[in-house]
Amino acid sequence: MARVLNNLLLFTIRLTLKIRVLGYWSLIYGYCALCTAVALLKLWWSIILRPSATFQWGIRETPPACLNDTSLGTHCYVRIKESGLRFHYVAAGERGKPLMLFLHGFPEFWFSWRHQLREFKSEFRVVAVDMRGYGESDLPSSTESYRFDYLVTDVKDIVEYLGYNRCHLVGHDWGGTIAWLFAIHYPEMVTKLIVLNCPHPSVFSDYALRHPSQLLKSSYFFFFQLSRFPELMLSINDFKALKGLFTSRSTGIGRKGRWLTAEDMEAYLYAFSQPGALTGALNYYRNVFSSLPLSQNDVKSPVLLLWGERDAFLEQEMAEACRVYIRNHFRLNIISGASHWLQQDQPDIVNTLIWTFLKEGEGRKTYRN
């Protein structure tokens, strides 16, 4: 009798797990279908209102002058032997000084760290990378090439190529996700971790599934699972949707912030109008659901988490929840009036808070390359 009950219990557990998995993927693809329907309606409405302009967009042939501003650093390239990929990065500050590595988010590239490159080059070797699929770095065509483990290994390979065995790691948005994961898997290589507007990956997955409001804000995750159609929607009307992410009242840089100049905006349009650029960036999302949940969660490095109060994509409650996974000093700063694009929106405040965090414990510790 006991054996029958045990078998029945085991069967029930397995059935429950299968139902949960089926429900999980049904939710993802059901929401994807809903987002697609909404996008199609927007497309048809655009065609009705602006039939001649809807499908007009073009490749920017010449980079704006701000991308070649020498005060930001030197443009460099490295080809990683293991992956075979070539990465582009901008570096400033003296070689041999402690490394500060910057990882950007979506839809950005190295240029999003321009204010920080100028600020921290006096005491650090600052390096802002175009992550795989972005900017002048290689754009693997396979969606499989954007798995979390590959993206984390890219960071390790770049740090080692630069001649370091540890760094101060700074990440925003998707770059923040990769920074969290790198600190989890290579704790010995992270002196201090600084993340902007990006929760710990486990916090995000747990919170989104329990809060419909966050699931709604993350609806673009589901829409981006489609092939080619998201690229079209981001391109129509000469990249109107892309511009709107940075400039609209709902998602753009806050009113108290430092607005993008026309030349700054042109830098983004130059980068993302290039062939394959949008696909490379969107491929990060096309692997996310198969990469969670994480098998490891704990972060052993000191962590600074900066959060824009007016983030249109991520709810602020997730910021405090990250504390659960941090086994070291944790500092959280919520910046009033700031948007998701924190390091561009409020660079002076961001830079001051980063300096304070970096200087903490300086009398007790020495930097090591």
Side-chain angles (χ1 to χ4, degrees), residues 67 72-113 116-117 124-191 193-195 201 271-272 274-288 290-291 296 301 368-369:
L67 292 182
L72 297 178
T74 304
H75 292 260
C76 309
Y77 300 86
V78 54
R79 186 171 297 279
I80 303 299
K81 291 182 180 179
E82 186 173 343
S83 67
L85 298 179
R86 189 184 78 152
F87 288 87
H88 166 256
Y89 63 93
V90 173
E94 292 181 21
R95 297 177 186 271
K97 286 189 173 182
L99 175 63
M100 184 181 290
L101 184 66
F102 296 94
L103 307 178
H104 62 79
F106 171 90
E108 299 174 291
F109 62 118
W110 73 266
F111 185 68
S112 69
W113 297 110
Q116 288 68 45
L117 288 170
F124 296 89
R125 177 64 171 172
V126 290
V127 174
V129 180
D130 277 340
M131 295 166 69
R132 72 163 66 190
Y134 281 91
E136 294 184 56
S137 292
D138 281 349
L139 286 68
S141 57
S142 168
T143 305
E144 181 72 10
S145 299
Y146 296 84
R147 283 172 20 194
F148 280 167
D149 52 340
Y150 293 148
L151 300 173
V152 170
T153 301
D154 287 344
V155 178
K156 177 178 181 291
D157 290 341
I158 289 169
V159 170
E160 291 176 345
Y161 168 81
L162 293 170
Y164 292 82
N165 55 32
R166 59 194 295 113
C167 67
H168 296 286
L169 188 59
V170 188
H172 169 250
D173 187 79
W174 256 110
T177 298
I178 304 308
W180 282 115
L181 293 172
F182 186 78
I184 290 168
H185 291 284
Y186 297 100
E188 73 283 358
M189 296 186 71
V190 181
T191 305
L193 176 65
I194 301 166
V195 179
F272 286 99
Q274 303 307 310
L278 284 172
T279 298
L282 291 169
N283 277 341
Y284 280 66
Y285 292 93
R286 290 165 179 159
N287 261 307
V288 67
S290 58
S291 301
Q296 294 176 253
S301 312
R368 292 183 298 164
N369 291 346

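Hydrogens, waters and symmetry mates play no part in the numbers below; they use all other heavy atoms, side chains included.
Of all heavy-atom pairs spanning Ala271 and Ala277, the tightest one is O-CB, 3.4 Å. Shown here for Arg166 and Leu99, the closest heavy-atom pair between the two residues is O-CB, 4.2 Å. Scanning all heavy atoms of the two residues, the minimum distance from Asp130 to Gly135 falls at OD2-CA, 3.5 Å. In this structure, Ser141 and Asn283 approach most closely via the heavy-atom pair O-ND2, 4.0 Å. Contact detail for Trp110 and Leu67: the closest heavy-atom pair is CZ2-O, 3.7 Å. When all heavy atoms are compared, the tightest approach of Pro187 to Ser301 is O-OG, 4.1 Å.
For the pair Gln116/Val126, no side-chain contact is recorded, criterion being any heavy-atom separation below 4.5 Å from C-beta on. Using a 4.5 Å heavy-atom cutoff, the side chains of Leu85 and Ser137 are not in contact. Side-chain atoms of Ser112 and His172, non-hydrogen and from C-beta on, never get closer than 4.5 Å to each other. In this structure the side chain of Leu282 reaches within 4.5 angstrom of the side chain of Phe106, judged on heavy atoms. Counting heavy atoms from C-beta outward, Asp154 and Met131 have side chains that stay 4.5 Å or more apart. At a threshold of 4.5 Å between non-hydrogen side-chain atoms, the residues Glu160 and Met189 count as touching. In this structure, Phe111 and Val90 have side chains that are not in contact, with every pair of non-hydrogen atoms separated by 4.5 Å or more. Contact of the Arg79 side chain with the Tyr77 side chain is not registered, since no non-hydrogen atoms from C-beta on lie closer than 4.5 Å.
Note: Ser142 OG to Arg147 CZ = 9.5 Å, rounded to the nearest 0.5 Å. Distance check: Arg125 CZ to Glu94 CD gives 9.5 Å after rounding to the nearest 0.5 Å. In this structure, CG on Leu103 lies 5.0 Å from CG on Leu169, to the nearest 0.5 angstrom. Here the CD atom belonging to Glu144 is positioned 6.0 Å from the CG atom belonging to Asn287, to the nearest 0.5 angstrom. Rounded to the nearest 0.5 angstrom, Arg95 CZ and Tyr164 OH are separated by 8.5 Å. In this structure, Arg86 CZ and Asp138 CG are separated by 6.5 Å, a value rounded to the nearest 0.5 Å.
Results of the side chain to side chain contact (heavy atoms under 4.5 Å, CB included) test with Phe182 over Val190, Leu101, Leu151, Leu193 single out Val190 as the only residue that passes. Exactly one of Tyr146, Tyr284, Phe109, Tyr89 qualifies for a ring pair (Phe, Tyr, Trp, His ring centres under 6.0 Å) with Tyr134. That residue is Tyr284.
Aromatic ring centres of Phe87 and Tyr161: separated by at least 6.0 Å.
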